[in-house]
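Beneath this line is the structure, given in structure tokens, with notes to follow.
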Amino acid sequence: LATGPRQNNSIFYEIRTYDIKPSKMKEFVEMVNRHIHLRTAHSELVGFWSAELGAMNKVVHIWKYDNFAHRTAVRCALASDKDWQGKFISPALPLIEKQHNEVAYLVPWCELGKPPKEGGVYEWVTFQMKPGGPAMWGEAFQAAINTHINTGYTKLIGVFHTEYGLLNTVHVIWWNETSDHRAAGRHRAHEDARVVAAVRDSVRFLESQQNLLLIPLQCSPLK
């Protein structure tokens with residue numbers, strides 16, 4: 001089924017998730033921090049994180065593209081970039097166990113945000129929604145997101161829904177000052193009647209959800 005309305009432009013985001021060999025995680029992160037400038041010379045990196053809780057030896061990174069022609073041109077340029085291929089791709093591939101990518105759009109009612117300051121942790125929440133897209137669940141989902149924002153304990157970074165990959169998937173990125181700050185805020189939210197009511201209304205569209213606690217890499221624009 002159609003994923004529903006999206007933002008009124010052709011911009012999309014490629015979400016890449018890599019599982020790294022456990023013994024090679026430190027080496028991989030060091031390589032990314034050292035050589036990512038070769039990759040960002042070709043297109044915009046939104047953020048690069050490693051999983052701290054909810055998964056292990058996993059990294060998540062997001063790339064922004066103007067349109068699909070832009071991505072095709074970037075991928076062609078990267079394939080011909082001898083520095084990128086030689087200094088990063090060739091030595092990095094043996095460290096990676098599995099790669100997964102998705103194409104996603106920001107939902108119509110969300111703009112990509114930034115944390116109020118550097119430092120802190122990111123919560124990556126993946127919702128598997130019933131088919132139909134934001135045209136069906138957007139209003140109820142937005143209300144649930146807004147009630148969490150209104151509690152004041154967390155900062156919304158972005159809400160994405162997939163176009164390629166597993167459809168009807170929504171990724172929500174939150175920023176919190178610390179893991180303990182997030183835990184205390186969640187406790188208060190669970191006792192907030194407004195949050196409880198909004199969540200109760202939105203879960204009728206929900207199939208499943210998963211949370212990751214992410215730590216930004218040194219090279220990540222979102223820190």
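These numbers were taken from a predicted model, which means no experiment stands behind them.
Counting heavy atoms from C-beta outward, Phe160 and Cys110 have side chains that stay 4.5 Å or more apart. Using a 4.5 Å heavy-atom cutoff, the side chains of Glu27 and Lys24 are in contact. Two residues are said to be in side-chain contact when any heavy atoms from C-beta on lie closer than 4.5 Å; Gln128 and Leu166 meet this criterion. Side-chain contact between Trp174 and Lys155 is absent, with no heavy-atom pair separated by less than 4.5 Å. Between Leu222 and Ile157, some side-chain heavy-atom pair lies under the 4.5 Å cut-off. For the pair Val159 and His171, the minimum side-chain heavy-atom distance is 4.5 Å or more. When side chains are defined from C-beta on, Thr40 counts as touching Trp63, because their heavy atoms get closer than 4.5 Å. Side chains of His148 and Val199 form a contact here, defined as non-hydrogen atoms less than 4.5 Å apart.
Under a hydrophobic-cluster definition in which Ile, Leu, Val, Met, Phe, Trp and Tyr are linked whenever side-chain heavy atoms come within less than 4.5 Å, directly or via other members, Leu206 and Val196 are assigned to different clusters. Cluster annotation: Phe28 is connected to Ile89 through the hydrophobic network of ILVMFWY side chains, with a link wherever side-chain heavy atoms come within less than 4.5 Å. Side-chain heavy atoms closer than 4.5 Å link hydrophobic residues (I, L, V, M, F, W, Y) into clusters, and following such links, possibly through other members, connects Val32 to Val74. The hydrophobic cluster containing Val172 also contains Met136, counting ILVMFWY residues as joined when their side-chain heavy atoms lie under 4.5 angstrom apart, directly or transitively. Side-chain heavy atoms closer than 4.5 Å link hydrophobic residues (I, L, V, M, F, W, Y) into clusters, and following such links, even through other members, never connects Val29 to Ile215.
A donor-acceptor pair under 3.5 Å is absent between the side-chain atoms of Asp81 and the main chain of Ala77, judged by distance alone. Remark: side-chain polar atoms of Lys87 are not paired, donor with acceptor, to backbone N or O of Lys82 under 3.5 angstrom. Under a 3.5 Å cut-off, the side chain of Arg39 and the backbone N or O of Ile36 do not form any donor-acceptor pair. In terms of modelled atom types and a separation under 3.5 Å, the side chain of Gln85 and the main chain of Leu78 share a donor-acceptor contact.
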| request: Evaluate the side-chain contact (heavy atoms from CB on, under 4.5 Å) criterion for residues Val121 and Leu214: first the C-alpha distance (whole Å), next the side-chain angles of each, then the deciding distance (0.1 Å), finally the verdict. | output: CA-CA 6 Å; Val121 297; Leu214 302 178; over 6 Å; no
| request: Could you go through the side-chain contact (heavy atoms from CB on, under 4.5 Å) check for Thr151 and Val195 one step at a time? | output: CA-CA 9 Å; Thr151 62; Val195 174; 3.8 Å; yes
| message | I'd like to know whether Tyr18 forms a ring-ring contact (aromatic ring centres under 6.0 Å, His included) with His61, so could you lay out the CA-CA distance, the side-chain angles of the two residues, the decisive distance to 0.1 Å, and finally the verdict. | response | CA-CA 9 Å; Tyr18 296 168; His61 42 124; 4.6 Å; yes
| said: Between Val125 and Ile173, is the side-chain contact (heavy atoms from CB on, under 4.5 Å) condition met? List the steps. | reply: CA-CA 6 Å; Val125 191; Ile173 309 175; over 6 Å; no
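Ion pairing between Lys117 and Glu177 holds under the 4.0 Å rule for side-chain N and carboxylate O. Between Glu207 and Lys130 there is no salt bridge, since no side-chain N of the basic residue sits under 4.0 Å from a carboxylate O of the acidic one.
For Trp84, the side-chain hydrogen bond (donor to acceptor under 3.5 Å, both in side chains) test picks out no residue, with sequence neighbours left out. Residues passing the salt bridge (Lys or Arg N to Asp or Glu O under 4.0 Å) test with Glu30, sequence neighbours excluded: Lys26. Not a single side-chain hydrogen bond (donor to acceptor under 3.5 Å, both in side chains) links Ser220 to another residue, sequence neighbours left out. Annotation: salt bridge (Lys or Arg N to Asp or Glu O under 4.0 Å) contacts of Lys223 (sequence neighbours excluded): none. Legend: residues meeting salt bridge (Lys or Arg N to Asp or Glu O under 4.0 Å) with Arg194, ordered by chain and number and at least two apart, are Asp192.
Classification of the Tyr65-His70 ring pair by plane angle, with boundaries at 30° and 60°, yields perpendicular. Relative ring orientation between Trp109 and Phe141 is described as tilted, the plane-to-plane angle lying within the 30° to 60° band.
Interatomic distance, Ser202 OG to Met129 CE, rounded to the nearest 0.5 Å: 6.5 Å. The CZ atom of Arg71 sits 10.0 Å away from the SG atom of Cys76 when rounded to the nearest 0.5 Å. With values rounded to the nearest 0.5 angstrom, Leu167 atom CG is found 10.0 Å from Glu102 atom CD. Between the SG atom in Cys219 and the NE2 atom in His35 there is a gap of 12.0 Å [rounded to 0.5 Å]. Between the OH atom in Tyr13 and the CG atom in Leu106 there is a gap of 4.5 Å [rounded to 0.5 Å]. To the nearest 0.5 angstrom, Ser10 atom OG is 6.5 Å from Asp66 atom CG.
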Could you tabulate the donor-acceptor pairs under 3.5 Å formed by side-chain atoms of residues 45-54, not counting sequence neighbours?
none

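Between Ile20 and Leu95, the shortest heavy-atom distance links the atoms CG2-O, 3.4 Å. The shortest heavy-atom contact between Ser43 and Lys64 is CB-O, 4.4 Å. Across every non-hydrogen atom of Phe88 and Pro91, the tightest pair is O-CD, 3.2 Å. Taking every heavy atom of both residues into account, Gly158 and Leu112 meet most closely at CA-CD1, 4.5 Å. Among all heavy-atom pairs drawn from Arg186 and Tyr153, the shortest one is CD-OH, 2.9 Å. The shortest heavy-atom contact between Gly120 and Pro216 is O-CD, 4.0 Å.
Centroid-to-centroid, the aromatic rings of Phe12 and Phe68 come within less than 6.0 Å.
For the residue pair His100 / Thr17, no side-chain donor-acceptor distance below 3.5 Å is found, with atom types taken as modelled.
Counting heavy atoms of neighbouring residues, nucleotides and ligands inside a 6.0 Å radius, atom CD of Glu97 exceeds 12 of them.
Checked options Met56, Gln99, Lys98; the residue passing with Asp19 is Lys98 (criterion: side-chain contact (heavy atoms from CB on, under 4.5 Å)).
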